[in-house]
Amino acid sequence: MGLIGETIDSIKSIQIRQLLTQAISLGMIVTSALIIWKALMCVTGSESPVVVVLSGSMEPGFKRGDILFLRMSKDPIRAGEIVVFNVDGRDIPIVHRVIKVHERENTGEVDVLTKGDNNYGDDRLLYAEGQQWLHRHHIMGRAVGFLPYVGWVTIIMTEKPIIKYILIGALGLLVITSKD
Amino acid sequence: MHSFGYRANALLTFAVTILAFMCAIASFSDNFSNQTPSAQIQILNINWFQKQPHGNDEVSLTLNITADLQSLFTWNTKQVFAFVAAEYKTSKNSLNQVSLWDAIIPEIEHAKFWIQISNKYRFIDQGHNLRGKDFNLTLHWHVMPKTGKMFADKIVMSGYRLPDAYR
């Protein structure tokens with residue numbers, strides 16, 4: 001009861017200038033996070049420089065909840081590389097290993113087949129209807145490094161959005177009621 | 001300045017920074033390992049070699065693979081993924097790489113092995129160019145660490161040739 005009384009008092013005593021200062025500080029934090037993200041996109045050359053592993057198809061190497069660092073260069077795609085790709089019409093990226101490469105002589109275009117290490121068969125079942133091969137434009141990056149367990153935060157926030165709302169609500173309340 | 005909130009925040013930030021630093025150092029230490037893997041591959045038998053109904057050549061081989069990958073394991077290694085690929089050139093494609101077999105090696109004890117198997121994945125060409133084709137067999141390995149940067153390399157063995165006629 002005392003806490004609610006205190007909270008209401010502190011909300012009433014907010015001055016406009018202080019509120020604006022706090023709003024700007026919050027905005028600065030959000031924008032610097034965005035700047036770092038975009039800078040990472042430039043440095044690594046990939047649309048998403050970090051991905052979270054969502055399925056167990058690459059176990060025991062990558063478990064659900066690990067994060068992968070990606071890099072995309074103009075180097076040709078070769079067998080054995082772990083690539084992240086999007087299938088046409090699906091928005092969840094898939095992280096699997098390249099097992100077959102056929103590169104055309106003149107144009108440099110390439111047909112690629114992938115497979116998850118822990119899957120029995122190759123990925124043709126995952127590709128779009130009638131698609132037998134992946135091409136360069138499907139591939140978003142190559143995995144170059146990884147950190148275990150860190151991605152669970154993202155998975156929890158995506159699968160139980162209530163936690164995301166609670167977190168943002170608590171953060172917002174903290175910002176409003178803190179005196180600095 | 002000395003409330004529980006501030007102290008918890010400082011402690012947490014410090015802990016996360018130290019953890020990140022340790023992961024980076026663990027990964028960096030992988031650069032200093034001396035890696036001397038060795039491998040040999042023999043083709044024991046061409047089981048069959050045919051042109052499929054849709055026009056592409058397919059061949060089935062029995063391979064004898066001997067390898068010693070023990071020197072690739074460091075204290076920061078979670079597993080080594082090894083695979084054998086056939087590489088060849090055709091008139092339409094400047095490079096074809098077809099993975100024939102792969103294995104996950106979770107511990108250093110399993111890294112020295114001898115195995116005789118037929119190809120795990122189908123060796124299918126884009127077209128019918130495989131008769132009399134010279135090709136390389138490459139053993140690739142991919143070291144997946146407990147944290148940090150992954151390393152990959154290969155040994156190329158050349159001198160293999162497919163028969164001149166279907167059988």
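The model shown is predicted, which means the values in this text are computed figures rather than measured ones. In what follows, chains are A, B, ... by sequence order, proteins preceding strands, each numbered from 1.
- Of residues 10-34 of chain B, those residues with a non-hydrogen atom less than 4.5 Å from any non-hydrogen atom of chain A are, in numerical order, B:Cys23.
- At a threshold of 4.5 Å between side-chain heavy atoms, the hydrophobic network of Ile, Leu, Val, Met, Phe, Trp and Tyr places A:Ile67 and A:Met41 in one connected group.
- Crowding of A:Leu20 atom CG: a count of heavy atoms from other residues, nucleotides or ligands under 6.0 Å exceeding 12.
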**Message:** Determine whether B:Gln126 and A:Asp111 satisfy the following criterion, side chain to side chain donor-acceptor pair (under 3.5 Å), listing intermediate values before the conclusion.
**Reply:** CA-CA 10 Å; B:Gln126 281 186 336; A:Asp111 287 339; 2.8 Å; yes

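- B:Lys89 touches chain A through its side chain: at least one heavy atom from C-beta onward sits under 4.5 Å away, while N, CA, C and O do not.
- Follow the hydrophobic side-chain contacts under 4.5 Å out from B:Ile124 and you never reach B:Tyr88; the two are in separate clusters.
- When the side chains of ILVMFWY residues are joined at heavy-atom separations under 4.5 Å, either directly or via intervening members, A:Leu113 and A:Val87 end up in a single hydrophobic cluster.
- Contacts between B:Lys78 and chain A at a heavy-atom distance below 4.5 Å involve the side chain alone, from C-beta outward.
- Within the 4.5 angstrom heavy-atom criterion, no atom of A:Asp122 approaches chain B.
- Using non-hydrogen atoms only and a strict 4.5 Å limit, no part of residues 43-68 of chain B faces chain A.
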**Request:** Please assess A:Glu59 against B:Gln79 for the test side chain to side chain contact (heavy atoms under 4.5 Å, CB included), listing each intermediate value before the final yes or no.
**Result:** CA-CA 10 Å; A:Glu59 293 201 6; B:Gln79 69 178 40; over 6 Å; no

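- Hydrophobic clustering (side-chain heavy atoms under 4.5 Å, transitive across Ile, Leu, Val, Met, Phe, Trp, Tyr) keeps B:Trp101 apart from A:Val98.
- Checked by atom type, the side-chain pair A:Glu103/B:Asn96 shows no donor-acceptor distance below 3.5 Å.
- A side-chain N or O of A:Lys115 and one of B:Tyr121 form a donor-acceptor pair less than 3.5 Å apart.
- Only the side chain of B:Phe81 comes within less than 4.5 Å of a heavy atom of chain A; its backbone N, CA, C and O stay farther away.
- Using a 4.5 Å cut-off between heavy atoms, B:Ser91 touches chain A through its backbone atoms (N, CA, C, O) alone.
- In the hydrophobic clustering of this structure, A:Phe69 groups with A:Leu54; members are Ile, Leu, Val, Met, Phe, Trp, Tyr whose side-chain heavy atoms approach within less than 4.5 Å, directly or through other members.
- Applying the 6.0 Å contact sphere to NZ of A:Lys38 captures no more than 12 heavy atoms from other residues, nucleotides or ligands.
- A donor and an acceptor atom, one from each side chain of B:His142 and A:Arg97, are located under 3.5 Å apart.
- Among A:Arg78, A:Lys100, A:Arg104, the residue making the largest number of heavy-atom pairs under 4.5 Å with chain B is A:Arg104.
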**Item:** Residues B:Thr147, A:Phe146; criterion side chain to side chain contact (heavy atoms under 4.5 Å, CB included); working and verdict
**Value:** CA-CA 6 Å; B:Thr147 67; A:Phe146 107 116; 5.6 Å; no

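- Contact tally against chain A (heavy-atom pairs below 4.5 Å) for B:Lys120, B:Met150, B:His140, B:Glu87: the top residue is B:Met150.
- A 6.0 Å sphere centred on NE2 of A:His135 holds more than 12 heavy atoms belonging to other residues, nucleotides or ligands.
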**Request:** Evaluate side chain to side chain contact (heavy atoms under 4.5 Å, CB included) for B:Met144 paired with A:Phe62, printing each intermediate quantity in order.
**Result:** CA-CA 9 Å; B:Met144 288 151 95; A:Phe62 300 145; 3.7 Å; yes

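- A 6.0 Å sphere centred on NZ of B:Lys92 holds more than 12 heavy atoms belonging to other residues, nucleotides or ligands.
- Interface remark: B:Ile104 contributes side-chain atoms only to the contact with chain A (heavy atom separation under 4.5 Å).
- Here A:His102 contributes atom NE2 and B:Asp125 contributes atom CG; the two are 6.5 Å apart, rounded to the nearest 0.5 Å.
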